[in-house]
Amino acid sequence: MNPRFDVDPNGVGRITFDDPDRSHNILTEEVLRVLGEVVGRAAAAAGEGALRALLIRSGKPGSFVAGADVAAISAIAESGDRRRAAEAARAGQAIFGRIAALPVPTVAAIRGVCLGGGTELALACDYRVCDDGDRTRIGLPEVQLGILPAWGGSTRLPRLVGLRAALALMLTGKPARVSKARRIGLVHRVFPRQQFEERCLDFARALGDPAAAGGRSRSRDGAPGVGGRAPALRARRRGIAGRVLDGTAPGRALVLRAARKRTLGRTRGRYPAPLKILEVVRAGLGRSVEAGLELEARAAGELIVSPQCRNLLFLFRLREAARKGPWAPGGRAEPVRRMAVIGAGRMGGGIAQVAAYNDIPVRMKDVRHEAVAGGLAHARSIFDGAVNRRTLRRRDAMRKMGLVSGGLDYAGVGQADLVVEAVVERMDVKKAVLREVEEVAGSAAVIATNTSSLSVDEMASALARPGRFAGMHFFGPVHRMPLVEIVRGEKSDPGTIETIASLAVRMGKTPVVTRDGPGFLVNRILGLALNEAGHLLGEGCAVQALDGAWTDFGMPMGPCRLIDEIGTDVARHAGDALAAALGERMAPAASLVALGESGRPGRKGGRGFYLYADGRTKGPDPSVYADMGQPSPRSGPDPAHVRDRTVLAMVNEAARILKDGIVDSAADVDLGMVMGTGFPPFRGGLLRYADDRGLEAVLRGVAGFADTLGSRFRPAPLLVELAAAGETFHGAFPARDRPESAAP
């Protein structure tokens with residue numbers, strides 16, 4: 001039975017979560033039902049005097065409770081039944097409310113992952129203690145799924161830690177490390193990992209001893225305390241400014257206004273969940289806990305049936321499935337204890353930093369001292385940034401940076417279990433480097449190329465062991481971009497793919513397996529869209545209008561800004577390679593060809609479509625039109641026209657990619673575009689957007705552009721087939737079925 005309940009001779013009871021069928025504890029409907037039963041048994045034991053304190057714990061050392069069941073949430077979302085959603089919220093609230101009402105001290109013993117419903121369970125307890133492990137995180141990430149904490153989190157957290165700290169956790173969805181959780185008053189004690197169980201029991205026993213604990217009381221705001229002392233401690237910790245802002249009506253109003261302004265600036269109002277969180281918190285302030293809980297339940301009913309929530313849940317399921325093997329059936333992942341990166345600089349340094357962050361020793365090798373020094377400096381700067389943001393302790397950053405080394409020779413490369421080649425994008429250079437690496441590396445080592453566009457199969461032809469070779473394409477900046485394309489060559493062994501994909505997951509990335517082909521998945525689709533933007537520029541579209549149409553659609557930046565970020569030289573090289581492989585529809589737009597020859601390198605050189613100085617964008621450069629051989633831009637075209645020209649071109653190319661077998665499912669396309677380009681998550685991905693819009697309508701749009709713009713918009717045969725059959729991309733190319741996982 002999960003969870004289970006027992007009481008020791010000292011009167012300390014334990015509710016233990018330990019699902020034997022999952023790596024993390026999840027609050028499924030069945031688990032909640034059993035939890036309600038064991039809480040009833042605990043209440044009865046307390047009434048009989050047999051229970052003096054209650055410890056809620058996990059039998060899994062790396063996880064407290066990881067959240068609710070994504071399958072149950074998704075089922076409600078797809079049903080569109082807001083009343084069912086509100087009732088599900090009230091059911092969870094009722095169980096946690098019974099924990100909060102127990103007449104004995106309750107302690108949540110947190111080690112490892114504690115998210116969403118797990119955090120709300122902990123908030124229903126009188127005390128929260130955690131271990132000092134690096135992997136322990138406590139948070140409420142519901143906003144990332146388009147919902148809000150509706151099992152008490154939106155009501156209890158502001159009362160416990162104050163308004164500003166609570167909003168910071170709920171509006172971003174980012175979990176807190178142990179140090180932050182202690183600093184804001186979310187946890188009361190931090191115990192050493194090695195002594196965690198014993199210290200938790202001692203803590204609970206002391207609370208259960210009336211003489212030692214001094215009695216159990218609650219403050220007027222509903223937050224529990226020992227002898228009324230805990231709320232005062234929290235107030236002192238927040239300081240004078242915190243008391244003014246959190247403790248007065250004008251101060252709270254100021255905090256809420258500022259939070260709303262920041263939220264609208266970040267989301268542009270496209271995501272209803274953060275605004276609903278602000279509304280619920282504002283309305284719940286000064287009311288009873290019961291009134292706040294009812295506000296949560298009603299808000300949950302509204303949010304869970306929204307299209308944004310359905311799409312975010314859809315992406316969550318795709319992402320979690322992509323992070324689970326097998327990625328190449330029949331293969332077995334081998335452990336990667338050491339890595340090497342050939343080719344330093346920013347990309348090599350970024351790959352090395354991510355490896356070291358995940359405690360993998362890594363050796364960088366380059367032919368120039370300056371490149372090695374640059375790679376080390378880049379890795380160090382990322383660690384320094386994490387320290388400055390308080391997401392990593394200084395001593396941990398120094399220890400992890402110590403795992404990165406570099407040099408001009410192959411010393412240490414022979415001991416690597418996996419070697420990533422990240423040299424210049426030239427086939428002759430890559431082949432030569434890969435041959436050298438194969439001579440140095442052990443026979444069991446996996447070799448991967450970080451190429452963004454060159455043929456993996458052609459590179460493999462230079463190797464004696466092509467089965468141990470595949471693509472591992474990181475996106476920059478490496479420490480931020482979550483996607484890694486795993487490119488399976490014709491001769492790549494299944495075990496090679498399994499090893500690379502499992503390493504990507506260990507590095508915190510989401511792997512998408514593709515087959516070899518020009519541009520693989522993401523760059524083939526994105527390259528076509530950027531080229532179409534070039535055609536629009538040639539027709540007189542202004543840079544700002546073009547970029548504005550994309551950001552209005554929900555992209556993180558427009559095509560001109562993106563070309564500047566990539567670098568005009570890199571974009572031109574990739575565009576030429578795609579055109580050579582795919583023909584006329586990829587022929588570079590004349591405006592982009594002229595731009596590439598104009599001496600405008602983009603952000604890295606301070607001048608592209610925009611001007612840059614001191615790391616900041618100074619605005620568009622009016623002289624760029626003359627350098628592209630274009631007159632001053634005219635007004636228009638309509639933003640919807642810009643959107644459809646570029647987005648429908650991407651859908652059309654994605655249909656060709658599926659037909660070509662580059663990826664197996666529409667889910668792979670959606671994950672790749674969201675995690676590799678920032679395609680708007682609230683739209684669910686490129687092909688989810690096309691399915692929602694209707695493939696008949698998409699085909700009409702593509703065919704209309706073909707009539708006016710020519711063969712580059714010729715409808716893909718697969719798009720024609722699916723539209724005629726009334727099918728969808730996701731229906732025709734479904735993701736393979738994998739076990740569901742936890743949601744916040």
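Just so you know, these numbers use all the heavy atoms, side chains as well, and skip hydrogens, waters and symmetry mates. On a predicted model such as this, the values are computed, not experimentally measured, just so you know. Residue indices begin at 1 and follow the sequence shown.
- In terms of heavy-atom proximity, P588 sits nearest to V593 at CB-CG2, 3.7 Å.
- Within the 4.5 Å cutoff, the side chain of R607 has no heavy atoms near those of the V624 side chain.
- Residue pairs meeting the side chain to side chain donor-acceptor pair (under 3.5 Å) criterion with at least one partner in residues 568-591, sequence neighbours excluded, are D569-K604, R572-D576, E584-S711, R585-E653.
- Scanning for side chain to side chain donor-acceptor pair (under 3.5 Å) contacts around D366 gives an empty result, with sequence neighbours left out.
- Although no hydrogens or angles enter the test, the distance criterion places no donor-acceptor pair under 3.5 Å between the side chain of N531 and the main chain of G575.
- Looking at heavy atoms from C-beta onward, V478 lies out of side-chain contact with M481 at the 4.5 angstrom threshold.
- The minimum heavy-atom distance linking A344 with G375 is given by the pair CB-CA, 4.4 Å.
- D621 contributes a side-chain N or O that, together with a main-chain N or O of S623, makes up a donor-acceptor pair within less than 3.5 Å.
- By the 4.0 Å N-to-carboxylate-O rule, R515 lies close enough to D664 to be salt-bridged with it.
- The distance from atom CG of L418 to atom CZ of R337, rounded to the nearest 0.5 Å, is 13.0 Å.
- Annotation: side chain of P559 is in contact with side chain of L546 (closest heavy-atom distance under 4.5 Å).
- Residues N358 and V354 are in side-chain contact: their nearest non-hydrogen atoms beyond the backbone lie under 4.5 Å apart.
- The minimum heavy-atom distance linking A667 with L318 is given by the pair CB-CD2, 3.5 Å.
- With rounding to the nearest 0.5 Å, the separation of CD in Q415 from CE in M339 is 15.0 Å.
- Between the side chains of S453 and R524, no donor-acceptor pair is found at a separation under 3.5 Å.
- Between K431 and E458 there is a salt bridge, since at least one side-chain N of the basic residue sits less than 4.0 Å from a carboxylate O of the acidic one.
- Pairs engaging residues 368-394 under the side chain to side chain donor-acceptor pair (under 3.5 Å) rule: D134-R393, D384-R394, R393-D396 [sequence neighbours left out].
- A donor-acceptor distance shorter than 3.5 angstrom exists from the side chain of D564 to the backbone of F609, with no hydrogens or angles considered.
- By the 6.0 Å and 45° rule, K400 does not stack over the aromatic ring of F383.
- Among residue pairs with one or both ends in residues 487-509, none qualify as side chain to side chain donor-acceptor pair (under 3.5 Å); sequence neighbours excluded.
- Aromatic pair Y689/F553: centroids less than 6.0 angstrom apart.
- Using a distance-only test at 3.5 Å, with no hydrogens or angles considered, a donor-acceptor pair links the side chain of W327 to the main chain of A322.
- Here the straight-line distance linking atom CZ of R480 with atom CD1 of I382 works out to 8.5 Å at 0.5 Å rounding.
- Heavy-atom contacts from other residues, nucleotides or ligands closer than 6.0 Å to CZ of R346 number 12 or fewer.
- Within the 4.5 Å cutoff, the side chain of F469 has heavy atoms near those of the L434 side chain.
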(request) Could you walk me through whether F475 and N523 pass the side chain to side chain contact (heavy atoms under 4.5 Å, CB included) test, one step at a time? (result) CA-CA 10 Å; F475 289 75; N523 283 346; 4.3 Å; yes
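- Judged purely by atom type and a 3.5 angstrom limit, D668 has no side-chain atom pairing as donor or acceptor with the backbone of V663.
- For the pair L537/L595, no side-chain contact is recorded, criterion being any heavy-atom separation below 4.5 Å from C-beta on.
- Interatomic distance, OG1 of T677 versus CG of L562, reported as 8.5 Å (0.5 Å rounding).
- Ion pairing between E439 and R435 fails under the 4.0 Å rule for side-chain N and carboxylate O.
- Between the E485 side chain and the F474 main chain, no donor and acceptor come within less than 3.5 Å of each other.
- With contacts defined as side-chain heavy-atom distances shorter than 4.5 Å, the pair E334/D417 does not qualify.
- Annotation for D547 and C560: closest pair OD1-N, 2.9 Å, computed over non-hydrogen atoms.
- Other residues, nucleotides and ligands contribute more than 12 heavy atoms inside 6.0 Å of the CE atom of M427.
- Closest heavy-atom contact between M555 and F679: SD-CA, 3.6 Å.
- No side-chain donor-acceptor contact under 3.5 Å links R643 to the backbone of W550.
- In this structure, D457 has no side chain to side chain donor-acceptor pair (under 3.5 Å) partners at least two apart in sequence or on a different chain.
- Note that the CG atom of L718 and the CD1 atom of I657 stand 11.5 Å from one another [nearest 0.5 Å].
- Note: F314 and H730 meet the aromatic proximity criterion, with ring centroids under 6.0 Å apart.
- When all heavy atoms of I497 and A328 are compared, the closest pair comes out as CB-CB, 3.8 Å.
- With salt bridges taken as basic N to acidic carboxylate O contacts below 4.0 Å, one links R600 and D627.
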(request) Show your reasoning for whether side-chain hydrogen bond (donor to acceptor under 3.5 Å, both in side chains) applies to T449 and E421. (result) CA-CA 5 Å; T449 175; E421 168 273 308; 2.5 Å; yes
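- Atom CG of L611 and atom NZ of K618 lie 10.0 Å apart (nearest 0.5 Å).
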(message) Before you tell me yes or no, could you show the steps for V413 and I342 under side chain to side chain contact (heavy atoms under 4.5 Å, CB included), namely the whole-Å CA-CA distance, both residues' side-chain angles and the distance that decides it to 0.1 Å?
(response) CA-CA 9 Å; V413 175; I342 311 302; 4.2 Å; yes
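- R468 places a side-chain N or O within donor-acceptor distance of the main-chain N or O of A444, the cut-off being under 3.5 Å.
- A donor-acceptor pair is defined here as one N or O able to donate and one able to accept, closer than 3.5 Å; such a pair exists between the side chain of E438 and the backbone of R465.
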(message) As a quick check of understanding, evaluate side chain to side chain contact (heavy atoms under 4.5 Å, CB included) for I486 and T514, giving each step before the final call.
(response) CA-CA 6 Å; I486 312 297; T514 82; over 6 Å; no
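- Counting only heavy atoms from C-beta outward, the side chains of M472 and N450 never approach each other to under 4.5 Å.
- Partners of D428 under the side chain to side chain donor-acceptor pair (under 3.5 Å) rule, at least two apart in sequence or in another chain, are R426.
- Between the side chain of K430 and the main chain of V423, a donor-acceptor pair closer than 3.5 Å is present.
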(request) Kindly determine whether Y610 and R561 satisfy side chain to side chain contact (heavy atoms under 4.5 Å, CB included), including the steps that lead there. (result) CA-CA 7 Å; Y610 294 81; R561 276 290 305 277; 3.5 Å; yes
